[in-house]
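Numbering starts at 1 and runs along the sequence shown. FYI, side chains are in, hydrogens and waters are out, and symmetry mates aren't considered; it's all heavy atoms of this structure.
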Amino acid sequence: MYPLKFKPILKERLWGGTKLKEVLGKPIESDITGESWELSTVKGDISIIANGSLEGQSLQSLIDSNAEELLGKSVVERFGKEFPILIKFIDAKQDLSIQLHPNDKLAKERHDSFGKTEMWYIMDADPKAELIVGFNKNVSKEEYAESIEKDTLLDLLNYEQVKEGDTFFINTGKIHAICAGVMLAEIQQTSDVTYRVFDFNRKDKDGNLRELHTALALDAVDYDKKDDFKVAYRQDLNKISTMVDCPYFKTNFIQLTENVELDTTERDSFTIFMCVGGEAIIKTPKGEVSIRKGETALIPASMEKIELQSTGAKLLEVTI
């Protein structure tokens, strides 16, 4: 077992653009590529190893054969042989649909799935680019339903102007959308359950309106106005700064100007590094791997020491 990189799973979307190629160097030809799935065991979209002696093997098959060594004993006890995190880069040339995600209880009952708690790290934003996060006031279920019926939902939503480095935590039930001109890194529970409630009346390539999930969403929405989404974190050089620590994942920010050693003896979890700026070498007793902006590496739980070598990288470190 050694540090692993994976082939990106590229997704065309109505709202996608070309930044994943132009800024992150992803191997795309389409002008509407919206997502690069970096680490996934979602059915039908399972990541394939791209480096070393295990090249060509799937992430799921490696988990099936080496679960504790790869994931960590505590992770296996909690999630079995399921990879609990889905990692993406997203490029929005147009506004995404207004949507939300159900919590674990609803997702299990309705879809036999995890819920979808997620976070965003803004990597690139056009001038005055925005996100939609939550409501701009407390809203009743009846008021929300009326806004859907009368096509006035946008009047109830909270808009946040963003810049590179801004970070947002999107808990289940929170209505949200990535708006045009934003490219970001997304860390989320392994789930592809989304309730789309408004899509600007857009049509797909076949001229059809996309499906909305109006009825399903009614009991999943958090109707209260909450200012709990903007993440404050330190950006001290060569130190680990906690960004998000929730039941589903922990994400740290590391800005490097020199080499840093990490002791992971007590971690009992895999470690994911997403490079959101510059480039770095990740060195372990079992091998090393290089990553640059827009690349992701998975370090098995069995690694007791990790050395990060860089003079100018920005990394998101993700564990359970």
* To do: Decide, yes or no, whether a salt bridge links Lys174 with Asp228 under the criterion of side-chain N to carboxylate O below 4.0 Å.
  => yes
* Is it true that Lys19 and Asp124 make a salt bridge, defined as a side-chain N closer than 4.0 Å to a carboxylate O? -> yes
* To do: Could you tell me if the ring centre of His111 sits under 6.0 Å from that of Tyr195?
  => yes
* Glu38 and Ser36 side chains, donor-acceptor separation under 3.5 Å -> yes
* Shortest non-hydrogen contact from Phe200 to Leu96? -> CE1-O, 3.3 Å
* Supply the atom-to-atom distance Lys250 NZ to Asp245 CG, rounded to the nearest 0.5 angstrom. => 5.0 Å
* **Pair Glu146 + Lys141: basic N to acidic O under 4.0 Å** => no
* Do Val42 and Thr190 have side-chain heavy atoms sitting under 4.5 Å apart? -> yes
* Mind checking whether Tyr233 and Phe253 have ring centres under 6.0 Å apart? -> yes
* Would you mind checking if Lys88 and Glu35 are paired as a salt bridge, meaning a charged N to carboxylate O distance below 4.0 Å? => yes
* Got a salt bridge between Asp45 and Lys11, using NZ or NE/NH1/NH2 to carboxylate O under 4.0 Å? -> yes
* Would you call Glu317 and Arg267 a salt bridge, taking side-chain N to carboxylate O under 4.0 Å as the test? -> yes
* Rounded to the nearest 0.5 Å, how far apart are OG1 of Thr311 and CG of Leu256? -> 9.0 Å
* Starting at CD1 of Ile63, measure out to CD1 of Ile46 and round the result to the nearest 0.5 Å. => 9.0 Å
* Consider only side-chain N and O atoms of Ser191 and Gln189, and report whether a donor and an acceptor are under 3.5 Å apart. => no
* **Polar contact flag, side-chain donor to acceptor under 3.5 angstrom, Asp268-Ser74** => yes
* Asked: Salt-bridged, Asp64 to Lys81, with N to O below 4.0 Å?
  -> no
* When you measure from the side chain of Arg292 to the backbone N and O of Leu24, does any donor-acceptor pair fall under 3.5 Å? -> yes
* Is the closest side-chain donor-acceptor distance between Glu12 and Thr33 under 3.5 Å? -> no
* With the threshold set at 4.0 Å, does a side-chain nitrogen-carboxylate oxygen contact exist between Asp227 and Lys225? -> yes
* **Distance-only polar pair, side chains of Tyr248 and Asp104, donor-acceptor under 3.5 Å** => yes
* Measuring from Thr194:OG1 to His101:NE2, what's the distance to the nearest 0.5 Å? -> 4.5 Å
* With distance as the sole criterion, is a donor-acceptor pair present between the side chains of Asn238 and Thr257 under 3.5 Å? -> yes
* Can you measure from CD (Glu82) to OG1 (Thr41) and round to the nearest 0.5 angstrom? => 7.0 Å
* Asked: Taking the six-membered ring for Trp, is the centroid-to-centroid distance between Phe83 and Phe270 below 6.0 Å?
  -> yes
* Electrostatic pair Glu279-Lys293, nearest N-O below 4.0 angstrom -> no
